[in-house]
Structures are given as structure tokens and as C-alpha cells.
Amino acid sequence: MSSENGRSGGAEGAVPEQLALIRETVRQARTPKAKPRTWRGAALAEGLPVARVVVDKGVLHLDRYFDYAVPKELDEAAQPGVRVRVRFGAGARNVRGGRREGGGLIDGFIVERCAESDYAGPLAALAQVVSPEPVLDEELLGLARAVADRYAGSLADVLQLAVPPRHARAESRPSPDPAPPPPAPDPATWQRYRRGAEFVASLAAGGAPRAVWTALPGPQWADEIALAVQATLASGRGALVVVPAGRPAARVDAALRERLGAGRHALLTADAGQERRYREWLAVRRGAVHAVVGTRAAMFAPVRDLGLVVVWDDGDSSHADDNAPFPQVREVLELRAARDKCAFLLGSWSCTVEAAQLVESGWAAPLVADREQVRGAAPLVRTVGDGDLARDGAARAARLPTLAWQAAREGLKHGPVLVQVPRRGYVPRLACERCREPARCRHCAGPLEARDDGGLSCAWCGRGEASWHCQECGGFRLRAQVVGARRTAEELGRAFPAVPVRTSGREQVLDTVGAAPALVVSTPGAEPVAEGGYAAALLLDGWAMLGRPDLRAGEDALRRWIGAAALVRDQGAGGTVVVVAEPTLRPVQALVRWDPVGHAVRELAERAELGFPPVSRMAAVTGPRDALTEFLRGVELPPDAEILGPVPTAVTEPGRPRRPGDAPPGGEHAERALVRVPPGSGAALARALKTAQAARMARGAGQQAVVRVRIDPADIG
DNA sequence: AGCACGCCGACT
DNA sequence: GTCGGCGTGCTC
């Protein structure tokens, strides 16, 4: 090795080069074939001396392949799909006829081996094959490419989400032998749904049905998913299930173990630790395991011969990745179903507008239970409106209307009672207590928010408001702030001194509670499952859930209410739900009738009328005013595109932790424009924005202000 | 983004 | 004469 290096000749950088090389060699000592060197003058592979490489650089103007020469020694290992390290950067440029080594070593994947390159200049050599394990096959590459295009992002960014980081030890261990397909199941509880048995039979027969499944309340859903997976495996194909969080993943995991036995499926969750995660992922990729359940990153799992993709509870915000380009599970699985011609199952107790659209467009069939089934399985839902609450003096003081009080007391005779309270910090738009006019900043008309110290400040400009009064009616009282789970628990503990009170929230999530009477105070999404179901549930502070300035506020509130109410016994068994919210509002009525699909269909019609997503496709473009204006002038939008704004955007959004991607870049003067296109022009919109962005980056050389593009922005309320 | 190239002003 | 400012362009 030293003699080979000695040949690298050129005086510049020879010594640091060798040092770097030694470090690399030590680091990679476990993989004998991976020897990073300069390969100067080394013989090239005879058959296909060119490797086409996707380099791990997320920037858009580098979103293409780069060709490298394959040294003879790496010929065998440098197969398509393997991880490599290559020199990349301006340093590796031609100097007076020769080629100087320079530029950093960066990671990449070989996508193809070719006989020749269409690049005119001299090729640099692959520095190193990190491992001969192929991790990126054509199918995953194609999917990543499609996702990148869909979201106007780069292939490298998507691959970072799709291919987990390498762990050498996990790689060195063999995966188990693949198991033979299980027998096809009988439809069991799928018979509760119209055409449910037919759906399962189609999976078992190798078909590719697509369905939006409105699950009946109760704990059956996990086994119903496991059954669909079993049916698919029985047809000799693989299956992939994506759920929003670790708890539902554990439920499906248990159901799969029950049906298939141990070791027949992989569990891919973010909290598993790198080695384990990579080991499970490799077992899938190597074809040792054909079924996968996991959280959002699992949406890319390289399941062989994919026959079915499943997403559970697609309205949950955890299904949106928080790394660029922010792909969403439902959308990615739609792409996979279309690309792989496999079955698609979107299941939820509730129904998103997007799910309703899949049905309305005819892309997926509805999988629903008959009305009587639904009525039989759901609890009795009653409402307490604001008016009732206001008249109910004592209740108002205690924040617990008489009806809710009674339901709790009655329920506690028979079992646990769930109390759902919105998260503190789940800041709603504050409004006048008398006339409900939203409270606005007197300087910029932004929405006022309650600070932790009890004061008010503007969510847009951040100015404090010391003496608010309503511009409409002169009132000076705002609606009460949301009381957190802990304080609610204390209050209830005093009200029901004989009953144990337990809380489940963000910091400490309870998984299950027993069948004994207890008050269980929980924030949405953290509700424990009760053994035998809750006797009753109280859904408090509905106004806060509904009052958020967000297009999805109604749908989200309904989803969270249904998520809690689905854990309550059916009405035949005395299950009762009391929701404290205005009974005339659409989501409240949908809960009372247990009709999430009807709600979504009406929302969809309204969105179509207003030209809102998902009926139109939107992109948000955010940046400092001047840069934004310049960007919008430069971009060649499809002819049917429409630009809304730009308008000033919030500097920060207090009450919610900043997530990457929603924080507007450019500080104080950031503005946001929305670009809207009719259905069918989404791809053209993404392409146009990406082209403009790439040109900008290439031209701007860093010092230009950042303009951020986001397809399908979440917060366009 | 990095990073090196190149073409202008202060320094030993 | 040479060192080094950062404007400009490229990355197989």
C-alpha cells in the first residue's frame, strides 16, 4: 500500500492525503476490500470501467449522477447498489493536463456500471467501496426518484431517509432463512365490513385491490391489518404497514406475531437503535423477511415482491417526515402502489379529506361497515354546547358541565372513564368571550396568543398586548385558556376523591389501564387502551380544538375525538361520550352521528369550491421579500398556476416547537407566497420550482438569501 | 454548500 | 516582487 501511494507523485497535498488515507484504512479495517487510495495510474476494470454514482449531496443543482472510473481492484465489489466513497468537489479539478487529488471524500451509491461515460473530462476513480452489500436496488432508486420529483427535492435527500445508516456488525451477521408463505386466513372480523371478505380474498389470490377503510371503533383494527398482511403473504408476496407511532406499531407487531409466529416480520421504528434498525432493514432487503411494520421511515422499506402497502391513521401529523423534502406516508405509499401495482389499504377510525378524495376519484374503493354495525360498535355521543355551559354556573366554575359530571359519575360505577383535554401549548386562536370575534393584534392584525406568564402577545409580530378589548363589541374578556392535563387531574381528583386519577401525556404515556374504575386524564393521541374499554369519555375544551387557524382544524378535532371515543365500550354495553363543544358545528355533528366519511366528503366539496388542497395542489415559497420576488419572477410556472401573496409570515410560532421546514428563513422580513395549480398540474409545478431553485443555487454561490420551497405545506389556514 | 482559481492592493 | 483580499465558477 505504501508503494502504491508513493506513486501519487504530485507534490501538493501528498502528505495530508496519506494521513487521510491511513485514518480511513483504520476506520474500515473490518472490510478488507475497502481500501481508499488515490488509484493514480491504477489499472481500470476491464468489463465496465465506469460507475455511475449518486453522491450524497442534497443540493438541487447537483441532483444528477456523476461518473467515476472503477479501478480493477474494486471491479468485483463495485456492483450497482453498493455504498461507495468518492472524491467530490472543486478540488478534484484538472490542473495542466493532469488530475490532482483534492476535494473531500463523500458517500454515494453506485446506480449503474457502464462501458463508457458521456462526460467529456477525465474521470476520477472511486475512492473506496464501503461494503459489497447492495442496499439500493432499482426499485428503491426509482421510488426515491419519484418521491424527490413529487416534492421538488433532491434524490440524495430522499435516499438519506430511505436507506438507514450502515452498521458494520449488523451487516456481518447473516439474516435468517426466509419462511414459507403462511396459509391464507379466513376473513374473520373483516366480515363486519361490506366487501371486507372480498378484499381479503383478493389479496390472498394475488390481486391488487385499493381501499380506504373506515375501521369500526375498538381494538380489532390491529388484527385486521395483520390478517390483510397474512393474506398477502399467502399469495407469495410481501407486505408493508406504516403506523404513526411506536404504540400502534407495537399493537400491529403483536398481532402479526400472533398470526405468523415469531421472526416472520420486521419491526422498523425510529427508537430501535442503529444496529437493530439496520439489522431488521437488511433482513427485509435481503429477502429474509417479507412483512414489515414500522413508523414513517419504514415507508421506504425495500420489501421484496411487494403485494400490499398499508397506512394506518393517515391524518396523524407524524406521517409527515420532518426532513427535506418532507414526504408524507400516504402519498409515498400511493406512489408505491402505483409503481409496483400492488394493493393499497388506507385505514383509520376517522377519515381525512385526502382519503375521501381517493375514493371520490375512483382510485380506491370504500371499505366501510353498514350503518347498523357502526351504531352497534360506537358509544353513545352527547354534546354540551357553549350556551349550556354558560348557563350552567356551577359547572362553568368547575369547568365540568353537569352532563359531563353525571356521565363520569355513572361511568365510574362500571369501569374507567377517559378525560381528554387538549394539550397546553396547543394554542388556539383567542376570541372575545362575548361575541367570539378573534382577538387580533392592533398593530399588524395577527392573532393574539396567551403567553405562559398569562399575558398576551401577537403570533406574527411578537408585540405584547397589555389592554385588549374587542373591536367589535367592546368586550374585554377572552375565553379561558386551556387547562393542562395535570391541573385537570387535580381538579377531578378533588371532585371524585374516592377514585384513582391517572394521567397520560406527552412526557409520560400510559399504554394500558385496567378495568377497575379510575379517571384517566389524557392529551389527544396519548390515550391508554382500557381493558374491556372505557365506560365513558369526556372530551373537554372542544372550542380549543376547533379554534385553531388551520385548514385542518375541524378534521383534526374530529380525528382526535374519534380516537378517544373509539376506546369506549359500545352503547349496548353502556359506553357514553360527552363532548363539550358547540353542537351545531360540523365536526361535532359528525362525531354524534359517527360519520367521519360524511364529514370528509363535505370538507372535500368545500375545498374544491375554494380551490384549496388537496383538490388543487399548492406549494409554499418562503424567503426574504426581495429574494422571494426575484425568485417568483424567474420561475417558469405552468400556465394554469396562480400566485397568492406574498404576505408577511410569522417570525416564529410560539406555542409550538419550531420544526425544520416550517420556520421561515430570512428572519424579520420573511414573506410567503402560495402557488396554486389545478389538479393534474402538480408534477409540472414541482418541476418548475425545482428548476428555478437549482438555477438559483448554482448562480447564487451561497451568498444569496435562502428561498425555501415546500410542496403541500401543512399550515395554510 | 465548499473550495480553488484568479486578478487587484499593502507588505518585507 | 510576494502575500492575500474575496468575486466567480465548478463539482464526474
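Bear in mind that the values here come from a model prediction, so they are computed numbers and not experimental data. In what follows, every chain begins at residue 1, and chains take the letters A, B, ... in the order their sequences are listed.
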(request) Rounded off to whole Å, could you give me the CZ-to-C1' distance for the A:R113 and C:dC12 pair? (result) 15 Å
(request) Mind calculating the distance between NE2 (A:H61) and P (C:dT11) to the nearest angstrom? (result) 11 Å
(request) Please state how far atom CZ in A:R64 lies from atom P in C:dC12, giving the value in whole angstrom units. (result) 10 Å
(message) Rounded to whole Å, how long is the line connecting atom CZ of A:R85 with atom P of C:dC12?
(response) 15 Å
(request) Measure the distance from CG on A:L48 to P on C:dC12 and round it to the nearest whole Å. (result) 21 Å
(message) Give me the atom names and distance for the closest heavy-atom approach of A:E636 to A:A688.
(response) O-CB, 3.3 Å
(message) Distance check needed: C:dT11 P versus A:L60 CG, whole Å only.
(response) 18 Å
(request) Tell me whether A:Y119 is stacked on the nucleobase of C:dC12, counting only the six-membered base ring and applying the 5.5 Å and 30° thresholds. (result) yes
(request) Salt-bridge test for A:R285 and A:D137: reply yes if a basic N is under 4.0 Å from a carboxylate O, no otherwise. (result) yes
(request) Give the rounded distance in Å between these two atoms: CG of A:D67 and C1' of C:dT11. (result) 13 Å
(message) So which atom in A:L136 and which in A:F109 form the shortest heavy-atom distance, rounded to 0.1 Å?
(response) CD2-CB, 3.6 Å
(request) Write down the distance between CZ (A:F109) and P (C:dC12), rounded to a whole number of angstrom. (result) 18 Å
(request) State whether a side-chain donor-acceptor pair under 3.5 Å links A:D67 with A:S117. (result) yes
